[in-house]
Structures are given as C-alpha cells and as structure tokens.
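Input: a single structure, listed below in structure tokens.
Bear in mind that the values here come from a model prediction, so they are computed numbers and not experimental data. Indexing begins at 1, ligand by ligand and atom by atom, following the structure's order. When a residue number appears, it is its place in the shown sequence, counting from 1.
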Amino acid sequence: MTVRTRADLDSLPGYIPGKSVAGAVKLASNEVSLGPLPSVVTAIAAAAAGINRYPDSGATELVAALAAKLGVEPSQVAVGCGSVTLCQQLIQATCTEADEVLFPWRSFEAYPILTHVVGASQVRVPLTAEHALDIDAMIAAVTPATRLVYVCTPNNPTGTALTRAELERFIDAVPSDVLVVIDEAYREFVDDPEVPDGVVIAKEQWARGRDNVAVLRTFSKAYGLAGLRVGYLVAPESVTEAVRKVFVPFGVNAIAQVAALASLAAEDELLARCRDIVAERGRVRAELLALGYEVPETQANFVWLPLGERTAEFNEHCLNHKVVVRAFAGDGARVTIGTPEENDLFLSAAKAFSG
Ligand SMILES: *Cc1c(COP(=O)(O)O)cnc(C)c1O
C-alpha cells in the first residue's frame, strides 16, 4: 500500500529552482556571480569548529545587528531560513482555509505554492501591460477575506519597482487589519530615487498607527549568501511575535548566523559589488534594447524579456550557447546580471537569436 498524502498535493506545482548545467554560465537564480568575500569565508571556517552545538535559536546577535542598522527595536526583527521561510510563516500566522493571500502575478514563484500548502486561497492580480504591479487592480482585489498582501518591489521576475507615491497609495487603501508585506529581496540594487526604502516607509506607517506594514529582506542576493539561507522580516512586534509562534526551532543555522554578521560587517564592500552589477544592468539592458528586445526598466539584478510564445525557443537557444536563463514558458525569460564576461556571453546569445 502507498502512503496516503493530501489529495490536493497532486495539483500543486513544485518550486522549480534555476537549473545548473555543467560548463554553462548560470544566470537563472539571481545569485551574485562573485564568490563570498574572504572575510566571510574566514568567519564561516571559524564557526565550523562549534557546530556540535545547536545555534542560538533567536539569532540574538544577528537580530541586534540588523535592528541597529535599520533603526528599529530587536523585537521588530525576525530572522528565517531564507526569506522564503518567513513568507511561509507569515501566511501560517495570518491565514486559515477561509482566508485569502493577495499577490501580483507574475511574481515570486513561492507565493502561490506556500499559500496553497497552508490551505488559504490565492488571489493573483495580473501585472500591467508594462509588466509592473497594478496598484489599482490590487486595491480592487482586496476582500473581507484578505489577510495578507505580498507587494514584491522590485518585482521578481519583471524587475519593475513601485514609487513612493504608489506604495503609499496602496497602503492607504488597504484596511489596517490586513498585513502588507513589502518583499524587498532586491532592495540593494535599487538606484532610482523615486523608489523608496521599504523599511523607511514601514517606520513612517507605524508612527501613524498603521501596524500592518512589514518588510522582507534576504542575505541571498546582494549579500551573496544564497547557499546559507538567511533572510529577515522587519515588522511591528505583534507580527514578529506571531511569526515566531509558527517557526521551526533552530531554523537559521550557526554558520549562517555568523556569515550574515560578517557580511553586515563587510557591507560597504558588498554594496560596492552591487553598484557594479547595477552598472552592468544598464549596459545589458541598453544592448538588448538596441537589439530590438522589449526589456522593462529594472531595479533588480536581472532583466525580464517578455518573449511570450518564443520563450521556450529562446531558452533552448541560450542553453545551446551555454547560458542558463530562467524561462517561464509562454510568458518570458528572466536573466540575472552576472560578471561582465558572463553578460557578454549572454548578449552574444541574445544577438544570435534576434539576428
Ligand atoms: C529570492 C527571493 C526571495 C527569497 O530568497 P531567500 O533565499 O529565501 O532569502 C524572496 N522574495 C523574492 C521576491 C525573491 O526573489
């Protein structure tokens, strides 16, 4: 006899990670191409000697360092085993089967899967024709059953970001008992002054008594720790407390905590790398536009090519050129900005496809 699992799991798509192909350049997972900083590797090596002990379940030192950096109380920070785990905890902490999670679509692949696993309903709000979050449609989609809204800005996979005015208009329109989570996995790559810092917005909203605004960030992207799994939530204490109630103990391992602290200490160096990626992003996008591709303006470390029905063909073509991109069949391809050499390889593949 086969074990009986939940019948609805069959209908659930698995999360598809970016592929790794031997000998090919991987531009599929929005990772930083350069390896970890030597100072971070040294800290990790030193921490390895202590792994017979459980980690600090509350990640006290890391939480304190984040709180100091962001100008919030330690009680307003929760860490997780990647921000994707915090996404799940947020849904678990706010929703049961009667409730709805609202998010833009297309957006982060994990939102629908995590929502379904928790058993809540998904409300997906299509992006605008310009591949941006449709604020009016999102406002219109809020119902009495809405408990949680994910606002992914810059949006994965399209790279578009909300302006301060748009974000504030949205927050103002949402009832104050609905949690608005600004997912800022790519915040460190933003260079448009119109695009606000979500933590600044959240603090302003808390000061006005709006305790329903939270921010998610991660060490996986700009800080180069994708393999270690650390992310954090900045939220009012009522929210961080709720999120801690549904956490799996010791989720953030000891090495990850130390590496995250060492990365915060080396933040200037890591953010300088981000600025290089931002410069490359401008170059890659300009070259793609010159080749005739449609490329929405992007504030993240990737570009989005809305190729529609040609996406699968483009994906195959790139694989043949030893470049792995992230294709969403029938919709588009997301391509991470890598090193200049990696980007050149991708651009020559893109040129061969268009020509
Ligand atoms: C990558 C990503 C995350 C989560 O990354 P973790 O590695 O789990 O911290 C969250 N949100 C978005 C939009 C992302 O692209």
Partners meeting side chain to side chain contact (heavy atoms under 4.5 Å, CB included) with R147 (sequence neighbours left out): T94, C95, D99

Residues E166 and T163: side-chain donor-acceptor under 3.5 angstrom: yes

For F108, ring pair (Phe, Tyr, Trp, His ring centres under 6.0 Å) partners two or more places apart: Y111

Find all protein N or O atoms under 3.5 angstrom from an N or O atom of ligand 1 and list the pairs with distances, or write 'none'.
| residue | atom | partner | partner atom | Å |
| --- | --- | --- | --- | --- |
| ligand 1 | 7 (O) | S220 | OG | 2.5 |
| ligand 1 | 7 (O) | R229 | NH1 | 2.7 |
| ligand 1 | 7 (O) | R229 | NH2 | 3.2 |
| ligand 1 | 8 (O) | S83 | N | 3.2 |
| ligand 1 | 8 (O) | V84 | N | 3.0 |
| ligand 1 | 8 (O) | R229 | NH2 | 2.7 |
| ligand 1 | 9 (O) | S83 | N | 2.6 |
| ligand 1 | 9 (O) | S83 | OG | 3.1 |
| ligand 1 | 9 (O) | T218 | OG1 | 2.5 |
| ligand 1 | 9 (O) | S220 | OG | 3.3 |
| ligand 1 | 11 (N) | D183 | OD1 | 3.2 |
| ligand 1 | 11 (N) | D183 | OD2 | 2.8 |
| ligand 1 | 15 (O) | N156 | ND2 | 2.8 |
| ligand 1 | 15 (O) | Y186 | OH | 2.6 |
| ligand 1 | 15 (O) | K221 | NZ | 3.2 |

E61, CD atom: more than 12 neighbouring heavy atoms under 6.0 Å: no

Result of checking T298, D191, T336 against R281 for side-chain hydrogen bond (donor to acceptor under 3.5 Å, both in side chains): D191

Set of residues satisfying ring pair (Phe, Tyr, Trp, His ring centres under 6.0 Å) with respect to Y186, sequence neighbours excluded: F302

